[in-house]
Undergrad: 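Quick one: the structure is below, questions incoming.
Fair warning: this is a prediction, and the values are worked out from it, not measured in the lab.
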Amino acid sequence: MRSTTGWQATDSSTLRRTLLQRRDLRTDDVAVRVDYCGVCHSDLHALRDYDTHSGAPLVPGHEFTGVVTGTGPGVTTFSIGDHVAVGNIVDSCGVCAMCGAGQENFCHSFPTLTYGGTDRQDGSTTLGGFSREYVVREAFAYPLPAGLDPAAAAPLLCAGITVWEPLRALAVGPGSRVAVAGLGGLGHLAVRLAVALGATTTVISRSRDKHADALRLGAHDLLDSTDPEQMATARDTFDVVIDTISAPHDLGPYLKLVAMDGTLSLLGYLGPVTVETTALLVGRKRLGSAGSGGRPATAEMLQFCADNGIAADIEVLPSAQVATALGRLRQNDVRYRFVLDMSDLDS
């Protein structure tokens, strides 16, 4: 086993620095020195739901960048010193129809998650990127394209691919009319990606003070969701509405904004929802969702971001301030993503 250091949960609200064990390199494994790891709302949920009596350890973190420090004997894609990125999926069955289609994120036997998952060979619990080293199959590590800042690129591996998946699946491009509901970790990247794809892009927000920020990100306008007149004027306007709002909310007003044969893609809140069928019937509207992305889409997204100068707006904190990052994230006190600098784990 390989030893490293990371931040492990002791209860539903506390992480402590501790020694972690990584597996010895298998034939197709790479060892990655984790330099930067994003902090995601999923980390908050995992901590909130952590069962200390289960016996399974919890080390969060599933969007990170770093440098290859070791390779298994069968690795052909990477060499020591290469810059790489790793997302929230680190393995899949590789044989089902979804894996065959390059949609490992929808693996029929469920993909192995970067943390809180079950290793497909030895049955151990996967430990995440809030650590100084991670061992991963080379197929689920991605070359980090030149030109992408490693810190600002880390959130692309979760927030970025989550919004890229529906934008590409719904063929967003020049001439498309896109609205992004919610301007947070997901939303600000959805705006940048939609604009770069050529879409006329509008932010939907209840905060008028985000208007300047929406324009800075490239949006063409901001629609105030608390203004009935603005919402009525925008009815049947958008081909795609990307809904990144994380709290339960009424989908009716957002479906009214969708144009005929358009789609409301629900990405932020993944709990149960209620929809009036007539809200879909009138205009042949569709309600959809998406989750993460497969290997081809993730590689494509990273290269697209490098080619178009797209990265997350981040605030970098040393990993020792992980509690501060999580506490502020609970209060939505970040624009728009925290990233932990893991180099302080060397000391």
Side-chain angles (χ1 to χ4, degrees), residues 37-46 60-64 85 87-89 105 113-114 151-170 172 176 178-197 199 201-207 210 213-214 216-219 222-223 225 238 240-249 251 254 257 263-271 273 287-293 297-298 301-302 304-305 308 310-315 325-326 328-339:
C37 187
V39 182
C40 177
H41 269 282
S42 298
D43 302 326
L44 289 177
H45 300 325
H62 62 199
E63 48 180 44
F64 61 86
N88 55 4
I89 297 171
N105 50 321
L113 301 181
T114 311
L156 297 177
L157 276 296
C158 178
I161 187 59
T162 296
V163 296
W164 177 257
E165 178 93 355
L167 289 172
R168 294 298 278 167
L170 297 171
V172 167
S176 299
V178 172
V180 177
L183 197 59
L186 290 174
H188 88 288
L189 284 171
V191 171
R192 283 193 164 135
L193 288 167
V195 170
L197 286 166
T201 306
T202 299
V203 169
I204 307 171
S205 177
R206 61 185 179 183
S207 301
K210 289 192 175 181
D213 225 17
R216 177 185 63 81
L217 292 166
L222 182 139
L223 178 61
S225 61
F238 302 105
V240 175
V241 176
I242 301 292
D243 184 346
T244 71
I245 301 168
S246 60
H249 57 286
L251 302 186
Y254 299 96
L257 302 177
T263 300
L264 172 63
S265 185
L266 188 61
L267 303 182
Y269 177 67
L270 301 181
V273 297
L287 175 63
S289 188
S292 187
T298 302
M301 179 271 304
L302 284 170
F304 182 86
C305 288
N308 291 274
I310 296 171
D313 279 12
I314 61 170
E315 182 177 341
L326 290 167
R328 287 179 54 192
L329 183 58
R330 288 188 187 94
Q331 304 299 319
N332 291 318
D333 180 24
V334 59
R335 287 194 177 181
Y336 284 100
R337 203 73 160 185
F338 282 116
V339 171

Undergrad: Would you say L189 and R337 make side-chain contact, with heavy atoms under 4.5 Å?
TA: no
Undergrad: What's the separation between atom OG in S42 and atom CG in L270, rounded to the nearest 0.5 Å?
TA: 8.5 Å
Undergrad: Roughly how far, to the nearest 0.5 Å, is CG of L267 from CD1 of I245?
TA: 11.0 Å
Undergrad: Which heavy-atom pair separates L156 from M301 by the least distance, and what is that distance?
TA: O-CE, 3.1 Å
Undergrad: Answer yes or no: is there a donor N or O on one side and an acceptor on the other, between the side chain of N88 and the main chain of H62, under 3.5 Å?
TA: no
Undergrad: Counting only N and O atoms by type, is there a donor-acceptor contact under 3.5 Å from the side chain of T201 to the main-chain atoms of A199?
TA: yes
Undergrad: Say you draw a straight line from OG1 of T202 to CG of L223; how long is it, rounded to the nearest 0.5 Å?
TA: 7.0 Å
Undergrad: Looking only at atom types and distance, does a side-chain atom of T244 sit under 3.5 Å from a main-chain N or O of A181, one as donor and one as acceptor?
TA: yes
Undergrad: Has S225 got a side-chain atom pairing as donor or acceptor with I204's backbone, closer than 3.5 angstrom?
TA: no
Undergrad: Determine whether L257 and L264 make a side-chain contact, defined as any pair of heavy atoms from C-beta on separated by less than 4.5 Å.
TA: no
Undergrad: If you look at every heavy atom in C37 and G61, which pair is closest and at what distance?
TA: SG-CA, 3.7 Å
Undergrad: Any heavy-atom pair between the side chains of L183 and L217 that's under 4.5 Å?
TA: yes
Undergrad: Just how far is it from atom CG of L326 to atom NE2 of H41, taken to the nearest 0.5 Å?
TA: 10.5 Å
Undergrad: Which atom names give the shortest non-hydrogen contact between A297 and W164, and what distance separates them?
TA: O-NE1, 3.5 Å
Undergrad: Side-chain contact, heavy-atom cut-off 4.5 Å: L193 with C305?
TA: yes
Undergrad: Taking all non-hydrogen atoms of both residues into account, name the closest pair between S292 and I89 and its distance.
TA: OG-CD1, 3.8 Å
Undergrad: Using a 4.5 Å cut-off on heavy atoms from C-beta on, say whether the side chain of Y254 contacts that of L287.
TA: no
Undergrad: Report, as yes or no, whether the 6.0 Å neighbourhood of atom CZ on R330 holds more than 12 heavy atoms from other residues, nucleotides or ligands.
TA: yes
Undergrad: Determine yes or no for a side-chain-to-main-chain donor-acceptor pair under 3.5 angstrom, with T263 supplying the side chain and S265 the backbone.
TA: no
Undergrad: What is the ring orientation for H188 with Y336, classed by angle as parallel under 30°, tilted 30 to 60°, or perpendicular over 60°?
TA: parallel
Undergrad: Evaluate the side-chain proximity of R335 to D313: yes if any heavy-atom separation is below 4.5 Å, no if none is.
TA: no
Undergrad: For L302 and A85, work out which heavy atoms get closest and say how close.
TA: CD1-CB, 4.4 Å
Undergrad: With a 4.5 Å cut-off on side-chain heavy atoms, are P155 and I314 touching?
TA: yes
Undergrad: Is any side-chain heavy atom of S176 less than 4.5 Å from a side-chain heavy atom of L197?
TA: no
Undergrad: Under the 3.5 angstrom rule, does the side chain of R192 hit a backbone N or O of G218 as a donor-acceptor pair?
TA: no
Undergrad: Donor-acceptor pair, distance only, cut-off 3.5 Å: does the side chain of R328 make one with the backbone of D333?
TA: yes
Undergrad: Between L167 and A194, which heavy-atom pair has the shortest distance, and what is it?
TA: CD1-N, 4.0 Å
